[in-house]
Structure formats: structure tokens, C-alpha cells
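Everything below concerns the one structure shown next.
Naming: A, B, ... by sequence-line order, numbering from 1 per chain.
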Amino acid sequence: MANEKKLVEAITPINEDFAQWYTDIVKKAELVDYSSVKGFVILRPYGYAIWENVQHILDGMFKDTGHSNVYLPLLIPESLLQKEKDHVDGFAPEVAWVTHGGSEPLAERLCIRPTSETLFCEHYQHVIQSYRDLPKLYNQWCSVVRWEKTTRPFLRSREFLWQEGHTMHETREQAEFETQQMLGVYQALCEKHLMIPVVAGKKTDKEKFAGAEATYTIEAMMHDGKSLQSGTSHFFGDGFARAFEITFTARDNTLQYPFQTSWGLSTRIIGAIIMTHGDDNGLILPPAVAPIQVVVLPIAQHKPGVIEAAGALRDRLKAAGLRVTLDDSDQSPGWKFAQYEMKGVPLRVEIGPRDIENNSCVIARRDTGEKVTMSLDALEDSVRQQLDALAQNLYDRALANRVKRSRSCADYGALEQAVAEQAGFYQTGWCGDVACEETLKEKLEISSRCMPFAQERVSDHCVVCGKEAKHTVVWGKAY
RNA sequence: CGGGAUGUAGCGCAGUUUGGUAGCGCGCUUGCUUUGGGAGCAAGAUGCCGCAGGUUCGAAUCCUGUCAUCCCGACCA
């Protein structure tokens, strides 16, 4: 092929080998580098900047809902982790232990936090005395360690960055409200900012968090039809409070246990962004979190006036509040086009001698590849419109993929056929018995993703055993 | 944790069968010419051949171990 692209920067086609495509993207878009320890990755400036933007948006939403940030220790004494039985059973197999201080063995070994429920409980036990001390609405930004066997950048690493909210409430109802409210915050982050449509619902008992009474989740469908659990919110009832002896004096002067929630969202969300929006040319970033929203590229930049015009253009867009970069390096225009497409920059603005003469510029969209010539007079408005249209298109495309890959199956035969046809979401009736869940895992290699809040009656019968259906469940293969 | 594959220059790879001076392409540096879809010419620089043992006069190459990465399963954000 005479016009074949240079192989150096080429990425594996998305529909040829999705896993390899993903790996190519995270490396070539310079999001991460591997370290010498399995499962521990280096977040490079461009990848970390995406996380910072996610953090900024989410943190604002947490503050708006009355939460405060705190920081708790990295290490948890073994005895503290042991206090709640379900919790320790769930996490013990995958925690990392600190056994020595210098060369001296420790009297009690310490685990590196896999999550901080136990630490928050210990602290809450100290600071909660009265109903006047409630609610406690805390959040922390930190990293946690879980000794995973299989690791992949963003999707599953042994250390990952996240936020974990931990709250305590006077009543069951208030804690339940909080649990749902924070899931709603995650849903808004995904759908309004990251342009990722999600299915919100409740986890089955088999899939819920260790120690929780109920776990709620948002599930996003990736380009290949697999599901990614993108954020979870847990309702604990007063189980941990009882285990940790956290009590408060209620309004009626009785001693009560407070009700607790926790909720988390991690850098895994960056994996969701990649696998939802990306294409054969690389990453496509939603404008809300793109480190560079607009790249300005001068054409024939050595000709008089071009660099100056490009600089003026950048300054105008910056003044308009956009994250914009001017690339006046000596690379050829074609190289730069490909480079910024790889990195998923939403809009490219080209300006060359021809444009300067016409008081115009060329705006190219990353999602459609469309190029339009625009007058410089209304530059800011044009760019904003294009960014909004791009964001909407990302959402619409992702939703279309999910719709195309979603099936409602009334009986086992239909489910089996749907699974064989394409990866996706399969909605069925379910009796509520974990045995039926395990049957589907074994035979069809699918797991329950959630029982959607928007319950749609698919069948009166469980898809496996045929008994009365108590819930509608969305099944799928998950990352 | 099982099954498969791979570690050689920043990236992609050849060289390993049959042990004998470390190679190619791209990138990088410098200079000139270029610039609306991955530019051209010229001159340069870059290697503990993943790591540790062993065999040998001699190891990128043979043996043992180990670490890491990728893919596929089982487990998890």
C-alpha cells in the first residue's frame, strides 16, 4: 500500500483486537508508563491531568452536597480490619501487609488500606456522642492497594487512585437517602460530563460489597459490549456501628447506633472514557475532562504573520476560559494532526496564510473528522458550539451502542441465543436465588450487573428455574 | 492462580536453531530546505541483549531460577 501510515505510531484497529487496541491507546496517548512492580503504574502528566479534571468536577459536587474532605492513615492494624466479619472475609485475600519497621518485626502487622471503612469507624467512634454530631459527611481522596492477580492499566491495578466517601446518619432513612444521592452524583458525572450513559441499579447479594446491607452501582457499556462497574454506593445499615460500638445519644435520650454509607469512584473511570469513546485513530476525550480542549495548529508557520495570528487565536480562546494549546513545533502539519487525534483532543483549529487573508480559521472535530471554515469574528461562540455538539454526539453514539447491544430475554433459550449473538446487556426475570445466578455464570459466563431502578417487566418467570420472577436483572460480561 | 506468548537502543523488530567484535527501520541531535493529513537531504549520538546464578577459553545465543509485560480463563473498583 503506497499510502499506508507509518507503522511506528499505528494502533491496532478497534474491531480487530479490542484488548490490544486498549493497551496501545494507554501507552501511545502517553497516559501511563509501567513501573517495575506488577500492577503499579505511573500516571503520566496527560493521564493524571484527566484524573485532576474528574476530581475537580466531582469534588465540587461533593461540596455542593455538604461533604468535607479529610485524610486518614495508609495503614490499618490487623485487629481493626478484623472487627467486621463479612468485611474482613471479603478483603483479607487481597491485602498487602507491612510486617517490619526497619529491621524490627512489628508486634502487630499492618495492612495497607484496601478501603477505609474500618479506619473511619474507629474515628467516628471517637467523635460521635450525640445526635447533634450527626450527620458526618466525610470524603477522602487517596490511593488504596488490593493485591489483584490480573492487572491492566486503569481497569485493574494493585494501587489505584480514588475517592471514598464515608458518612454517618441519625436515621436509616437519611442514610438510605445519602446512598442514593451519591449514586446520583456519579450518574451525573458520567452522563453530563463524561458523556457515558449508565444503567443505575442495585447489586444482587452475590455482587454486593463485603459488609454492606445494599450496594448500588452504575454500569456503563464499553465499545465491545462488556460492562464496566463505574461507581458504587453502599448502605451499611448499622452493622459496622455495632461491630465498632459507635453509639450516640438520640433526641429521646436513648443510646442508638448510627447508620452508615460509603461510596467510591476510581481512576478506573478513565478506562471507561477510553473504552466508551475511543476509535481507530486513538483516544476521544469528552471536553469536560480533556486536558487540552482545543489545539491551535499554525500552517506554513514560517510565513510572516502566521505564528502571531495563531498566538492571538490561542489567547482569545484562553480568555474565553478554554484549555487551549498552541503547537508551533517544527513537526509537519500532518504529523500534528495525527498526534492530537491520538491524544483525543476534541477540537483542532488550523490557521494558515489562506485563513489570515480571509479572516477565518478551520475547525476540525475529533469525533466526526469534520472540518469547517469559520470566521474569526465569532471564534469563541463557534468553538463552544462545536465542543457542545461533540459532547452530545459522544453521548448519543455511546447510547446507540448500548441500545444496539441490549436484549430482553423472556426465557433461557432466548438468553442463550442473545449471548451467542453478541456481547452486551441481557435483561431477564430472576427469582432472587443465588443458585440461578451461579448457573448463568457457569453456563453462559455472564454475571448480574444490577437490578435497574427503572424496572421493566420482561417476564413473570426466572430465566433459569422458571419460578416466579421477583426482579428484572441486567446481565453481562464485566471488566 | 492456571494456560499460551514475549523481554535486544526511546519505539517496532532481526540476530538465538549451529556459542566467536551488537544489527535494521523509525524516532533523537545538528544544519539547510520544507509545512492545508504522518516532509526531504546530509552529518552524528544512543546497548549491563529484563535480572541472578550456572556450563564454557568465550554466552544475546545453551541450562536453572526469577521478575515484568501481553493475550485467554478463574477472582475483584
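- Within 4.0 Å (heavy atoms only), A/E148 reaches at least one base atom of the nucleic acid.
- Counting non-hydrogen atoms under 4.0 angstrom, A/V362 reaches a base of the nucleic acid.
- To the nearest 0.5 angstrom, A/E16 atom CD is 9.0 Å from A/D280 atom CG.
- Look at the P atom in both B/rG19 and B/rU61: the space between them is 12 Å, to the nearest Å.
- Across all strands, A/P353 comes closer than 4.0 Å to base atoms (heavy-atom distances).
- When the nucleotides B/rG36, B/rG38, B/rA77 are ranked by their closest atom to the side chain of A/I299, B/rG36 comes out on top.
- Remark: A/R146 qualifies as a cation-pi partner of A/W162 under the 6.0 Å distance and 45° angle criteria applied to the six-membered ring.
- Atom NZ of A/K38 is separated from atom C1' of B/rC70 by 10 Å (rounded to the nearest Å).
- Between B/rG31 and B/rG53, the two P atoms lie 45 Å apart (nearest whole Å).
- As a whole-Å value, the separation of A/E94 CD from B/rA74 P is 17 Å.
- Looking at heavy-atom distances under 4.0 Å, A/S36 makes contact with sugar-phosphate atoms alone, never a base.
- A/P153 comes within contact range of the sugar-phosphate backbone alone, with a heavy-atom separation under 4.0 Å but no base atom that close.
- Taking atom NZ of A/K149 as the reference point, atom P of B/rC70 lies 18 Å away to the nearest angstrom.
- Of the N and O atoms on the side chains of A/S329 and A/Q331, not one donor lies less than 3.5 Å from an acceptor on the other residue.
- Of all nucleotides present, only B/rG31 satisfies the Watson-Crick or G-U wobble test against B/rC41, with each distance under 3.5 Å.
- When each of B/rC70, B/rA77, B/rG37 is scored by its nearest atom to the side-chain atoms of A/E341, the top-ranked nucleotide is B/rG37.
- Among the protein residues, A/G352 comes within range of the nucleic acid bases, having at least one heavy atom under 4.0 Å from a base atom.
- Separating the CG atom of A/L228 from the C1' atom of B/rA77 is a distance of 8 Å, rounded to the nearest angstrom.
- Contacts of A/T373 with the nucleic acid, taken as non-hydrogen atoms under 4.0 Å apart, are absent.
- Only the C1' atoms considered, B/rG10 is 26 Å distant from B/rU66, to the nearest whole Å.
- Both distances falling under 3.5 Å, in either a Watson-Crick or a G-U wobble arrangement, occur for no nucleotide opposite B/rU17.
- Within the 4.0 angstrom heavy-atom criterion, no nucleotide atom of any strand lies near A/G369.
- Across all strands shown, the partner of B/rU69 is B/rA5, judged by Watson-Crick or G-U wobble contacts whose two distances both fall under 3.5 Å.
- Dashed line: the shortest gap from a side-chain N or O of A/Y34 to OP1 or OP2 of B/rC70 is under 4.0 Å.
- Checking B/rC11 for Watson-Crick or G-U wobble geometry (two distances, each under 3.5 Å) identifies B/rG25 as its partner.
- Rounded to an integer number of Å, the gap from CZ of A/F154 to C1' of B/rA77 is 14 Å.
- Positionally, the nearest nucleotide of RNA chain B for A/F337 lies more toward the 5' end than for the other of A/E159 and A/F337.
- Between the side chain of A/Y186 and the main chain of A/G264, a donor-acceptor pair closer than 3.5 Å is present.
- One can place CD of A/E445 at 11 Å from C1' of B/rC72, the figure rounded to the nearest angstrom.
- For B/rU30 and B/rA77, the C1' atoms lie 50 Å apart once the distance is rounded to whole Å.
- Taking atom C1' in both B/rC26 and B/rC71, one finds a spacing of 26 Å when rounded to whole Å.
- Of the candidates B/rC70, B/rG36, B/rC75, the closest approach to any side-chain atom of A/T23 belongs to B/rC70.
- Base pairing of B/rA60 is not made with any nucleotide, judged by Watson-Crick or G-U wobble geometry with both donor-acceptor distances under 3.5 Å.
- In the set B/rU69, B/rG73, B/rG37, B/rG73 carries the atom at the smallest distance from any side-chain atom of A/T150.
- Taking atom P on both nucleotides, B/rU46 is separated from B/rU29 by 15 Å, rounded to a whole Å.
- Within the nucleic acid shown, A/E350 comes within 4.0 Å of at least one base atom, counting heavy atoms only.
- Contact annotation: A/S35 does not reach the phosphate of B/rA68 (side-chain N/O to OP1 or OP2, under 4.0 Å).
- Dashed line: the shortest gap from a side-chain N or O of A/R152 to OP1 or OP2 of B/rU69 is not under 4.0 Å.
- In this model, the phosphate group of B/rC28 is approached by a side-chain N or O of A/Q331 to a distance below 4.0 Å at OP1 or OP2.
- Using a 4.5 Å heavy-atom threshold, the side chains of A/M168 and A/F259 count as separate.
- The interatomic distance linking A/D330 (CG) with B/rC28 (P) rounds to 11 Å, in whole Å.
- In this structure, A/R402 forms no cation-pi arrangement with A/F425, as its terminal cationic atom is not both closer than 6.0 Å to the ring centre and no more than 45° off the ring axis.
- Rounded to whole Å, atom P of B/rC75 lies 18 Å from atom CZ of A/R158.
- For A/N358 (side chain) and A/S360 (main-chain N/O), no donor-acceptor pair under 3.5 Å exists by modelled atom type.
- No donor-acceptor contact under 3.5 Å links the side chain of A/R348 to the base of B/rG36.
- At the heavy-atom level, A/K371 lies under 4.0 Å from base atoms of the strands shown.
- A/W21 and A/T23 form no side-chain donor-acceptor contact under 3.5 Å, judged by distance and modelled atom types alone.
- Counting non-hydrogen atoms under 4.0 angstrom, A/K477 reaches nothing in the nucleic acid.
- The base of B/rA77 is not paired with the side chain of A/T267 by any donor and acceptor separated by under 3.5 Å.
- Under a cutoff of 6.0 Å and an axis angle of 45°, A/K343 and A/Y46 form a cation-pi pair.
- Closest contact between the side chain of A/S266 and the listed nucleotides B/rA77, B/rG12, B/rC72 involves B/rA77.
- Residue A/D355 has its side chain nearest to B/rG36 when only B/rG36, B/rG12, B/rA77 are considered.
- Closest-nucleotide positions on RNA chain B for A/Y22 and A/Y479 were compared, and the one nearer the 5' end corresponds to A/Y22.
- One C1' atom belongs to B/rA9, the other to B/rG15, and the distance between them is 15 Å to the nearest Å.
- Remark: B/rC48 base-pairs with no nucleotide; criterion is Watson-Crick or G-U wobble with both hydrogen-bond distances under 3.5 Å.
- Across the P atoms, B/rG58 and B/rG47 are found 25 Å apart, a figure rounded to whole Å.
- For the 3.5 Å distance criterion, the side chains of A/H223 and A/D279 fail to qualify, holding no donor opposite an acceptor.
- The shortest distance between the side-chain N/O atoms of A/S332 and the OP1/OP2 oxygens of B/rA39 is below 4.0 Å.
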